[in-house]
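Structure first, commentary second.
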Amino acid sequence: MSDSQKQLDISFMRQALELAEDAAKRGNEPFGALLVKDNEVIMTGENRIHTENDPTYHAELGLIRDFCTTEKLSDLREYTLYTSCEPCCMCAGAMVWSCLGRMVYSLSHDELATIAGFNIMIGSEEIFLRSPNRPQVVSGVLKEEAVPIYQDYFQDKT
């Protein structure tokens, strides 16, 4: 991966982490995501499970659903989705079915499970390994900046 791509990944991940913090401020869980094409942010999303009373409104799934519905398309192979944390199995499934081209995340499923004090779900890698449409995955981007966001949130929940 080129240095310029690494710098773009860092910049976009910083935005995803800000969205995660915003979601928590609004009473939701701290997860944020953004969809990028040709190095431009196309749409952003954040977890809204509490404010929308929808347990499926995770940042990634909500973003994919909203974008594909608005744009009337279902093939995201030319897009990159940046997300503050490794997606759950439901969100990973949405990435598979939308043929997402690339996914970049900060904190891994196992790291989140350690912070939260319980194992959340199956990580995205297991879903991708069994799927015909696998996005290119980049992990651990700005992990050090993500850890305190999740520690602060889950510290209050345990």
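Bear in mind that the values here come from a model prediction, so they are computed numbers and not experimental data.
Hydrophobic clustering, with ILVMFWY side chains joined whenever heavy atoms are under 4.5 angstrom apart, groups L17 together with L8. Criterion: ILVMFWY side-chain heavy atoms under 4.5 Å apart, direct or through other members. Under it, Y57 and W97 are not part of a common hydrophobic cluster. Under the 4.5 Å side-chain heavy-atom criterion for Ile, Leu, Val, Met, Phe, Trp and Tyr, I127 and V137 are members of the same hydrophobic cluster. Hydrophobic clustering (ILVMFWY, side-chain heavy atoms < 4.5 Å, transitive): I49 and F31 are in distinct clusters. Under the 4.5 Å side-chain heavy-atom criterion for Ile, Leu, Val, Met, Phe, Trp and Tyr, M43 and L61 are members of distinct hydrophobic clusters.
Taking the side chain as every heavy atom from C-beta outward, E21 and P30 never approach each other to under 4.5 Å. Annotation: side chain of T80 is not in contact with side chain of L35 (no heavy-atom distance under 4.5 Å). Proximity of M13 to V104: side-chain heavy atoms (C-beta onward) are separated by under 4.5 Å at one or more points. L81 has its side chain out of reach of L34: every pair of non-hydrogen atoms, C-beta onward, lies at least 4.5 Å apart. Looking only at side-chain heavy atoms (C-beta outward), I149 and D152 stay at 4.5 Å or farther from each other. In this structure, the side chains of Y82 and R102 come closer than 4.5 Å at one or more pairs of heavy atoms. Contact of the F154 side chain with the L112 side chain is registered, since non-hydrogen atoms from C-beta on lie closer than 4.5 Å. Residues T44 and Q15 have side chains not in contact (no heavy-atom distance under 4.5 Å, counting atoms from C-beta outward).
Here the shortest heavy-atom pairing between E29 and A23 reads O-CB, 3.4 Å. Closest of all the heavy-atom pairs between C99 and D75 is CB-OD1, 3.9 Å. Taking each heavy atom of C68 and S74 in turn, the nearest pair found is SG-CA, 4.2 Å. Scanning both residues, Y105 and L107, for their nearest heavy atoms gives CD1-O, 3.4 Å. Minimum interatomic distance between V41 and F12 (heavy atoms only, all atoms of both residues): CG2-CE2, 3.6 Å. Minimum heavy-atom separation, M103 to F128: CE-CE1, 3.5 Å.
Side-chain atoms of R134 come within 3.5 Å of backbone N or O of L129 as a donor-acceptor pair. Side-chain atoms of S98 come within 3.5 Å of backbone N or O of M95 as a donor-acceptor pair. Of the possible donor and acceptor atoms, one in the side chain of T83 sits under 3.5 Å from a partner among the backbone N and O of C85. Distance alone, capped at 3.5 Å, places no donor-acceptor pair between the N133 side chain and the P135 backbone.
Under the 3.5 Å distance criterion, with hydrogens and angles disregarded, a donor-acceptor pair is assigned to the side chains of Y150 and S84. For the residue pair T56/R65, the side-chain donor-acceptor check at 3.5 Å is satisfied. In the model, N28 has no side-chain atom that pairs as donor or acceptor with a side-chain atom of Y153 under 3.5 Å.
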**Study point:** Verdict with supporting geometry, H109 and E125, side-chain contact (heavy atoms from CB on, under 4.5 Å)
**Key:** CA-CA 9 Å; H109 168 266; E125 288 298 320; over 6 Å; no
Review point. Run the side-chain contact (heavy atoms from CB on, under 4.5 Å) check on H58 and C88 step by step: do they pass?
Key: CA-CA 9 Å; H58 292 195; C88 72; 3.4 Å; yes
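Contact check on R14 versus D9 returns no salt bridge, with no Lys/Arg side-chain nitrogen under 4.0 Å from an Asp/Glu carboxylate oxygen.
When the shell of 6.0 Å around CD of Q5 is examined, it contains more than 12 heavy atoms from other residues, nucleotides or ligands.
The CD atom of E60 lies 12.0 Å from the CD atom of E46; values are rounded to the nearest 0.5 Å. Distance SG/C89 to CD/E126: 9.0 Å, rounded to 0.5 Å. Taken from CG in L76 to CD in E71, the straight-line distance is 10.5 Å, to the nearest 0.5 Å. Atom NZ of K6 and atom CE of M1 lie 6.5 Å apart (nearest 0.5 Å).
Shown are I42, I64, D38; of these, the side-chain contact (heavy atoms from CB on, under 4.5 Å) with Y79 is made only by I42.
Residues meeting the side chain to side chain donor-acceptor pair (under 3.5 Å) test with S108, sequence neighbours left out: E111.
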